[in-house]
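Take a look at the structure set out below.
All values reported here derive from a predicted model rather than from experimental measurement. Naming convention: chains lettered A, B, ... in sequence-line order (proteins, then strands); numbering from 1 in each chain. Just the heavy atoms: all of them, side chains too, but no hydrogens, waters or symmetry mates, feed the values below.
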Protein chains: 2
Amino acid sequence: MRFETSTIKDIAKALGLSTSTVSRALRDRYEISEETKKLVLAYAEKVNYRANPIARSLKERRSYSIGIIVSEIANNFFSQVINGIESIAYDKDYHVIISQSHESFEQEKLNVDHLASRSIDGLLIALSSETQNIDYLRDLYAKGLPIVFFDRVPENFETHKVIANNFKGSFDATEHLILSGKRTIAHLTNSENLSITRERLKGYQAALAKYHIDFNPDLVKYCQHGGMHSEELETAVKELLPLKPDGIFIASDRLTTGCIMALKNTNPEFAHKIAIAGFTNSNLVELFSPSLTSVRQPAFEMGQVATELLISMIEAKRPVVDFETRILDTELIKIQKAASNKFL
Amino acid sequence: MRFETSTIKDIAKALGLSTSTVSRALRDRYEISEETKKLVLAYAEKVNYRANPIARSLKERRSYSIGIIVSEIANNFFSQVINGIESIAYDKDYHVIISQSHESFEQEKLNVDHLASRSIDGLLIALSSETQNIDYLRDLYAKGLPIVFFDRVPENFETHKVIANNFKGSFDATEHLILSGKRTIAHLTNSENLSITRERLKGYQAALAKYHIDFNPDLVKYCQHGGMHSEELETAVKELLPLKPDGIFIASDRLTTGCIMALKNTNPEFAHKIAIAGFTNSNLVELFSPSLTSVRQPAFEMGQVATELLISMIEAKRPVVDFETRILDTELIKIQKAASNKFL
DNA sequence: TAAGAACACGCAATCGCTTGCATGTAGAAT
DNA sequence: ATTCTACATGCAAGCGATTGCGTGTTCTTA
């Protein structure tokens, strides 16, 4: 060991006790006298004893750590979710290990496998946009790894899930565009693999239907890589322009910012004419030009709820069979007309 | 064990070998016949054997993982650094564990201690803006934990460091403001504890000096919490306004976006009159209104370089005594006048 | 043919910690 | 005074993997 930290054995030797007694004192178990417990604790404090979590993990077959898989941390939504996760996990003495899939299925699987082999006690995951086959997760789950999905969740997988009210969020955003007079509303969205894609599409369609606007499939553009490559965004934008949309509803954080960028690069003038509404948790929307109406997800809360559910699974005495899907409401943040008019 | 993964013992039993032989075959050591090696490898493959990293860590006293401490991942600069770190680490079979200090010294120390106790093989750290005392890092370092600092580095700590050319980046940005006719240039910056704060201040001062502009300390505002609280930004902005600056140079990613926001909230009209230059690695600067000239750090590369240095320390046969401080050049990205004029 | 070298493998200790079981001691109960 | 109970502590196995050392086998060489 490079670090000559003191071990339970050192303490035992110094105090003329056995390692078992020391361990029990430290773990505060019942079969120990108040006296020796105090003695041990005092000495441990003195030498700044830290239990070796590795050894404990090996022995106990658990690590008090939970794994997180997101597509990328450089994404406001996900980093806020992670903060929510941490806020609960640390409170309950769990540590978190973050991994990025970068929207790649292979990377996702690699990371999950690695985490699993490091004895994480549970997994919080938002699927990558490439992911179609989740058998590898089923295997792990069957072997006893608690898994909670958030944001991008699979169907036919019985476990806890936490999602935003995607339908309503999309409906509201689309309706907002319609109410501000738009009629040809495009929809830029993620890979069809994702649950959020399907749900948000439905919300968009429902809003159109409510106002008797025909749904035109050509106005819907899918980005298979979730906007990771700027080309896919530019292609989508270029394909949309000839259809002369007067509004566009965008279905995810990365897509929203990427799309505005693509619009600006492709046709800056048009970028300022089209009305934009999109999912984003960016704290900087107020700085954006063109400005947009945003659908904000309760990301922090989503992380918290998912973590609570996960920890309840981890610590459950008996196998959990009653699963819930928590649906959290989104918030529509409209353009502040005044400000945006004044300076555009 | 929840996961009934196969162990080396299982393989040994199944093949009628000893665990030592299996281990040696898997580790590809010399005292083993080609034949049994193949046998073992084939069987291991078949049962999808994964060595238990926890057990290995315990035995070998290392974990093949490196710890990262940044102030927050929801920061373009840091998330890009992390991506750079990952790109090298994964290549060399290391895993990374990310922790956030949220600019709090206490949180930083807590996280570092936790990482250290989890047997990380090395640490990559950018200090929090609160951090003044790094004795706890010295202790760990003395006990043998390799540490490489990046971005926010301490003085009087002999180890590898990787930083941007903060002086030049600041000089260039300030000079740019001067050359576009500004004379009263404010400087919004981080806590004085940070190396980047001092270096960037010097660059700012040097540029002023070059053009014979008197340095006015009142024009420099420090944010002790690195802009984590919006109040400190608003206060700073409000204090600056009476001095009627015509330009402002901002010293970090979070501060830059936060400051523009504060300007907009405080006095939107003024926000569009003042010329802004600032450090930021945001991919969205082109969307910002008001627009700004940005100093972009080679974040990804910084992560890569730091990781290479760290791994070289970890794998060094003898204690490293020759340390380097790598300085990477920044890039000045000027406002695209055309675009910004057209739509402002 | 006999002795030594080279090789392939097993035994067992070890990393630091937890815990079931055994043991010893003191006080309570008869 | 003797037995029983309760409590405090120690012993030792085990988590999964690595590795120094010892041993048995085969092959080489004189």
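Taking the centre of each ring, A/Tyr49 and A/Tyr43 stay at or above the 6.0 Å mark. Ring-centre distance between A/His95 and A/Tyr90: below the 6.0 Å cut-off.
Contact between the side-chain N/O atoms of B/Ser33 and the OP1/OP2 oxygens of C/dA8 is not found at any separation under 4.0 Å. Residue A/Arg27 places at least one side-chain N or O under 4.0 Å from the OP1 or OP2 atom of C/dT18. A close approach under 4.0 Å does not occur between any side-chain nitrogen or oxygen of A/Arg24 and OP1 or OP2 of D/dA8.
Put simply, the side chain of A/Gln304 never gets that close to the backbone of A/Gly84: no donor and acceptor are under 3.5 Å apart.
Candidate nucleotides D/dA17, C/dG10, C/dT19 were compared by shortest atom distance to the side chain of B/Ala51, and D/dA17 ranks first. Candidate nucleotides C/dC17, D/dG10, D/dA17 were compared by shortest atom distance to the side chain of A/Tyr49, and C/dC17 ranks first. The side chain of A/Thr7 lies closest to C/dG16 when the candidates are C/dG16, C/dT18, C/dC9. Nearest nucleotide to the B/Ser20 side chain, out of C/dG16, C/dA12, C/dC9: C/dA12. Set against C/dG20, C/dT18, D/dT18, the side chain of A/Ile8 has C/dT18 as its closest nucleotide. For B/Thr19, the side-chain atoms get nearest to D/dT18 when compared with the rest of C/dC15, C/dC9, D/dT18. Picking from D/dT18, C/dC9, D/dG10 the nucleotide with the shortest atom distance to the side chain of B/Thr36 gives C/dC9. Between D/dT18, C/dT18, D/dG16, one nucleotide has an atom nearer to the side chain of B/Ala55 than all others, and that is D/dG16. The side chain of B/Ser23 lies closest to D/dT18, out of C/dC9, C/dG16, D/dT18.
Applying the 3.5 Å distance criterion, the base of D/dG14 shares a donor-acceptor pair with the side chain of A/Lys59. You won't find any donor-acceptor pair under 3.5 Å spanning the side chain of A/Arg61 and the base of D/dG14, going by distance alone.
Side-chain contact of A/Ser20 with A/Ser23: a donor-acceptor pair under 3.5 Å is absent, judged by distance alone. Remark: the A/Ser195 side chain and the A/Glu155 side chain contain no N/O donor-acceptor pair separated by less than 3.5 Å.
The CG-C1' distance, from A/Leu58 to C/dT19, rounds to 14 Å in whole Å. Atom CD1 in A/Ile32 sits roughly 5 Å away from atom P in D/dT9 (whole-Å rounding). D/dG16 atom C1' lies 16 Å from atom CZ of B/Arg50, rounded to whole Å. At whole-Å resolution of the value, CG in B/Leu39 and P in C/dC9 are 10 Å apart. In this structure, NZ of B/Lys37 is placed 11 Å from P of C/dC9, rounded to the nearest angstrom. Following rounding to the nearest Å, A/Leu26 (CG) and C/dC17 (C1') show an atom-to-atom distance of 10 Å. Rounding to whole angstrom units, CG of residue B/Leu15 and P of C/dA8 are separated by 17 Å. Regarding B/Ile54, its CD1 atom lies at a distance of 11 Å from the P atom of D/dA17, rounded to whole Å.
Each of B/Leu17 and A/Thr21 was matched to the nucleotide of DNA chain C holding its nearest heavy atom; the match closer to the 5' end belongs to B/Leu17.
Under a 4.0 Å N-O distance rule, the pair B/Lys37/B/Glu34 qualifies as a salt bridge.
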